[in-house]
Amino acid sequence: MVATGSLSSKNPASISELLDHGFHPGSLLNDFDYWDYVVPEPNLNEVVFEETTCQSLVKMLENCLSKSKHTKLGCSRVLVPEKLTQRIAQDVLRLSSTEPCGLRGCVMHVNLEIENVCKKLDRIVCDSSVVPTFELTLVFKQETCSWTSFRDFFFSRGRFSSGLRRTLILSSGFRLVKKKLYSLIGTTVIEEC
């Protein structure tokens with residue numbers, strides 16, 4: 001049954017219209033009773049565990065970016081949009097929820113796309129004691145239209161130039177590619193966010 005705002009409960013014509021289409025007032029109560037028994041109560045321990053797991057995944061991603069900025073990106077700062085790592089962590093948890101070992105069976109390859117070229121940043125193994133059952137490839141994207149890229153271009157030619165003065169700004173968009181490792185079908189899921 002779908003409830004819409006077009007019918008008014010005080011309008012006798014609306015009530016007779018419902019009765020003409022086979023609606024019986026007692027069936028509404030039965031529908032609600034049914035869902036009271038079918039839908040389980042939320043388990044607060046699971047909610048807390050998922051939030052803790054999400055926060056630790058956020059920390060892993062932030063540490064990956066922090067380590068990579070000097071070694072692989074050659075910049076002094078990486079600016080990350082607010083809640084980007086949080087959104088990514090939630091998507092990773094969602095994609096791992098259908099796997100036999102969950103997040104523990106995940107290997108994540110972290111990349112950065114700069115001018116249509118992917119640069120490998122890190123490989124994160126969520127639990128090294130579990131044989132991986134799926135791979136996720138995360139691709140961060142560089143913000144393409146920012147004033148800092150122009151500023152860095154002009155200052156790089158002057159006396160203020162330094163190999164580590166560049167600021168990298170990440171876009172709020174990212175790509176997640178999921179590849180099942182032990183599947184007869186060999187499913188690959190690509191999500192562009």
Identify every side-chain donor-acceptor pair in residues 103-116 under 3.5 Å, counting partners at least two apart or on other chains, and give the distances.
from   : atom 1 : to     : atom 2 : distance (Å)
Arg104 : NE     : Asp127 : OD2    : 2.9
Arg104 : NH2    : Asp127 : OD2    : 3.4
Glu113 : OE1    : Arg175 : NH2    : 3.1

query: Counting N and O atoms only, with roles assigned by atom type, does the side chain of Arg87 sit under 3.5 Å from a partner on the main chain of Ser172, one being a donor and the other an acceptor?
result: yes
field: Phe174 reachable from Met60 in the ILVMFWY side-chain graph, under 4.5 Å edges
entry: yes
Criterion side-chain contact (heavy atoms from CB on, under 4.5 Å) on Ser171 and Gln142, from CA distance to verdict: CA-CA 5 Å; Ser171 167; Gln142 180 183 18; over 6 Å; no
Exercise: do Ser68 and Lys120 side chains pair donor with acceptor under 3.5 Å: no
statement: Distance col, row Leu57:CG vs Glu50:CD, nearest 0.5 angstrom, shows 11.0 Å
field: Same apolar cluster: Leu181 and Val131, side chain cutoff 4.5 Å
entry: yes
message: Could you see if Leu84 belongs to whatever hydrophobic cluster contains Ile124? Use Ile, Leu, Val, Met, Phe, Trp, Tyr and a side-chain cutoff under 4.5 Å.
response: yes
message: Would you compute the distance between atom CG of Leu73 and atom OG1 of Thr167 and round it to the nearest 0.5 angstrom?
response: 12.0 Å
query: Ignoring hydrogens and geometry, is there a side-chain-to-backbone donor-acceptor pair from Ser96 to Val92 under 3.5 Å?
result: yes
query: If you take all heavy atoms of Thr85 and Glu62, which pair is closest and at what distance?
result: OG1-OE2, 3.5 Å
message: Taking side-chain contact (heavy atoms from CB on, under 4.5 Å) as the criterion, tell me which of Leu168, Ile88, Val80 meets it with Phe140.
response: Ile88
message: Checking Lys67 now: which residues fulfil side chain to side chain donor-acceptor pair (under 3.5 Å) with it, not counting sequence neighbours?
response: Asp122
query: Do side-chain atoms of Lys72 reach the backbone of Leu121 as a donor and acceptor pair under 3.5 angstrom?
result: yes
query: Would Lys178 and Glu99 satisfy salt bridge (Lys or Arg N to Asp or Glu O under 4.0 Å), going step by step from the backbone distance to the final call?
result: CA-CA 11 Å; Lys178 177 182 176 181; Glu99 292 300 318; 2.9 Å; yes
NZ on Lys179 to OG1 on Thr133, rounded to 0.5 Å: 13.0 Å
message: Exactly one of Val177, Leu95, Asp91 should register a side-chain contact (heavy atoms from CB on, under 4.5 Å) with Leu136. Which one does?
response: Leu95
task: Would you give the length of the straight line joining atom CZ of Arg166 to atom OG of Ser76, rounded to the nearest 0.5 angstrom?
output: 9.0 Å
Cluster check Val139, Val78: I/L/V/M/F/W/Y, side chain < 4.5 angstrom: no
